[in-house]
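A short write-up of the structure that comes next.
By convention here, the first residue in the shown sequence is residue 1. Both ligands and their constituent atoms are indexed starting at 1 by order of listing. Quick caveat, the model's predicted, so the values are computed rather than measured.
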Amino acid sequence: MLEFPVVDRRFKRGLSYLAVFMVLGGFAGASGPPVSPYMANEYSFAKEFADSFLVGVALNEEHTNGQDNRINSLVEKHFNASTAENVMKWEVMQPAEARFDFRASDKFVSYSKNKGLSITGHTLVWHQQTPDWVFVGPDGKPASRQLLLSRMELHIKTVMGRYKGIINSWDVVNEALDEDGALRDSKWRRIIGDDYIAKAFEFATAADPDAELYYNDYNLFKRTKRNGAVRLIRSLLEEGIRVKGIGMQAHYALDYPNDVNEIAASIKAFSSLGLAVAITELDVSVLSFPEGEEAGADIGINLSLSEKLNPYSRGLPANVRKRFEKRYLELFEVFIENHEAISRVTFWGVHDGYSWRNNWPMRGRTDYPLVFDRKGKPKPLLKKLIWLKNKKRR
Ligand code: 9MR
C-alpha cells in the first residue's frame, strides 16, 4: 500500500509521456514515421528539406574564422548552403584600384567548402558598398563608359576567376531596379548605360561558364517591381545572355508583405521565364517599421534609436511569437508549394543576435527575425516548418 502513491505517480508520468508522444506522433504523423526528429534534437533542418530546396545561411567573418564552436556546429548541422553576407562586396574585395584583398573571402570560401556547403558569392555589381574611385576617371571627372566597363570586367574576372569551380552561384547584379520597376538611376547606369547589366552577365559568363548566375533584388513581390524584373530578364534572355535565375531577397515583417500570394505570383512569373528562383535573404522582423519610410532593404535608411519602436529588448511576448510563427509558416507554405521553381532558401544571418535587422532601419533595436535564437538554439518554429513540409510533401 505504501508503494502505491509512487506507482501512481509513475503511472501518471507514464501516461503524460504517452500523451506527449501521441501528440507529437500525430504532429509528425502527417508524414508517417519516423517521428524521431521531433523527439530528439538529432535532426537537420537542411536535410529535412533536401527533397525541396537547399537551405542556406549568410555568414560573416566572425563566423568563418571558425572560433565559435556553437556556430560551427549549427552551420554544419542545419544548413547546406552559404552566402557571403559582407566579405565579397566590392569595397572589401577591391578597396583600391587593382588592389584585391582576398583574405576574408578566402576564409569564407574555405570554411564553406570544408563544411560541404553550396556557396553563393554576393555580390559583383551593386550601387552600394562600391568605392568612389570606381566611378572616377584619371582627370577626377566621372569615368568614361569604356573605363568603367574595363573596371567591371577586371573585377568580375578576378573575383570569380579565383573561385572558379568552387563557388556555385553568384549574385551578379544586385538591386538594379526601382520600386516602380524602372532601372535605378545608379552610377553604373548613368556612366555605362542600360546595358551595364547585360555586360556584367557577359563578363561573369566568361569568367566561369559553369557558375549559376543570378539577378538579385528586394521587394520583388510587388507587382510593379516584379513586372520590371520580368522585362529586364526577358530582354537579357532574348539577347542570348545567360541568366540562371532571380534572387528574391525576402526582408519581410509580420505584415509585410500583406499578402503572401504576391510572393507566390512573383515566383511563378519568374519561373515561367524558365528561371530558377532563389529566396536569397530571408528574415522576418517583428518590429514596426517607422512611419514614412519605404520598407524593403534600402541601406540608405539609417535612423537613430527610438525606444518607443524598440519594445522587445527584454524578450518577445507570446502573442508576438505566435504571429511570427504564423508568418514563417505562411511563407514556407508558399516556398514548399513552389519548391520545383525554388533552388534555395537562404536565411540572412545565423541567429537573431547577428541579424542586420537589429540595426535597420533603425540602429540598436532588438529584433527576432531568424529561426535560431540569440544563443544559437533552434526556435520551436523550426520543427513546425519541418512538420509543414512533411505534411505538404507526403
Ligand atoms: O546584412 C548586410 C549588412 O550587414 C551590411 O551592413 C549591409 C551593407 O553592406 O548589407 C547588408 O546586406 C544587404 C545585402 O548585401 C543586399 N540586400 C540587402 C541586405 C540588407 O541590407
Side-chain angles (χ1 to χ4, degrees), residues 56-65 71 81-95 101 104-105 108 119-132 134 155 159 167 169-179 184 186-188 197 200 214-222 225 229 245-253 256-257 266 277-285 287 289-290 293-304 344-370 372:
V57 61
L59 298 174
N60 270 317
E61 239 180 318
E62 62 229 283
H63 312 121
T64 58
N65 64 22
I71 297 291
S82 67
T83 302
E85 182 172 355
N86 286 306
V87 298
M88 302 193 90
K89 290 173 181 172
W90 190 308
E91 65 181 11
V92 182
M93 303 291 321
Q94 195 191 170
D101 184 345
S105 55
F108 161 75
I119 312 175
T120 297
H122 171 86
T123 176
L124 296 164
V125 175
W126 191 19
H127 64 286
Q128 302 277 12
Q129 317 302 120
T130 306
D132 290 342
V134 176
H155 187 80
V159 175
I167 290 195
S169 70
W170 284 92
D171 292 339
V172 178
V173 176
N174 197 40
E175 301 172 7
L177 292 169
D178 269 332
E179 297 306 282
R184 183 191 287 278
S186 68
K187 288 184 183 164
W188 290 111
I197 300 171
Y214 280 78
Y215 171 72
N216 191 49
D217 212 330
Y218 60 84
N219 281 352
L220 287 178
F221 67 85
K222 288 187 178 173
K225 219 165 172 178
I246 296 203
M248 293 178 69
Q249 297 179 22
H251 298 297
Y252 299 147
Y256 187 82
S266 293
V277 176
I279 306 297
T280 49
E281 304 181 13
L282 178 60
D283 49 36
V284 174
S285 172
L287 299 173
F289 210 79
E293 298 292 345
E294 176 92 58
D298 178 1
I299 60 166
I301 308 176
N302 183 10
L303 306 172
S304 47
R344 166 171 57 90
V345 173
T346 289
F347 292 89
W348 205 239
V350 181
H351 69 54
D352 285 347
Y354 288 110
S355 169
W356 76 295
R357 300 300 301 240
N358 295 305
N359 292 302
W360 186 90
M362 187 172 278
R363 290 188 300 276
R365 297 200 290 180
T366 306
D367 209 339
Y368 301 81
L370 297 167
F372 290 90

Worksheet item: Can you list, by chain and residue number, every protein residue with a non-hydrogen atom closer than 4.0 Å to ligand 1?
Response: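 Residue list for ligand 1: E85, N86, K89, H122, W126, Q129, N174, E175, Q249, H251, E281, A297, I299, W348, W356.
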Practice prompt. For the residue pair Y256 and F221, categorise the inter-ring angle as parallel (less than 30°), tilted (30 to 60°) or perpendicular (more than 60°).
Written response: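 Judged by the thresholds at 30° and 60°, the geometry between Y256 and F221 is perpendicular.
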Fill in: Residue pairs, two or more places apart or on separate chains, that pass salt bridge (charged side-chain N to carboxylate O under 4.0 Å, His left out) and touch residues 353-365
D283-R357
Worksheet item: How long is the span from the CG atom in D178 to the NZ atom in K225, to the nearest 0.5 Å?
Response: 7.5 Å
Item to complete: Quick one: list whatever passes ring-ring contact (aromatic ring centres under 6.0 Å, His included) with F289, sequence neighbours left out.
Response: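 F289 satisfies ring-ring contact (aromatic ring centres under 6.0 Å, His included) with W360 once adjacent residues are dropped.
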Worksheet entry | Listed partners of F372 passing ring-ring contact (aromatic ring centres under 6.0 Å, His included), at least two apart | H78, F79
Worksheet item: Using a distance-only test with no angle check, is there a side-chain donor-acceptor pair under 3.5 angstrom linking E281 and N216?
Response: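 Yes - a donor-acceptor pair under 3.5 Å links their side chains.
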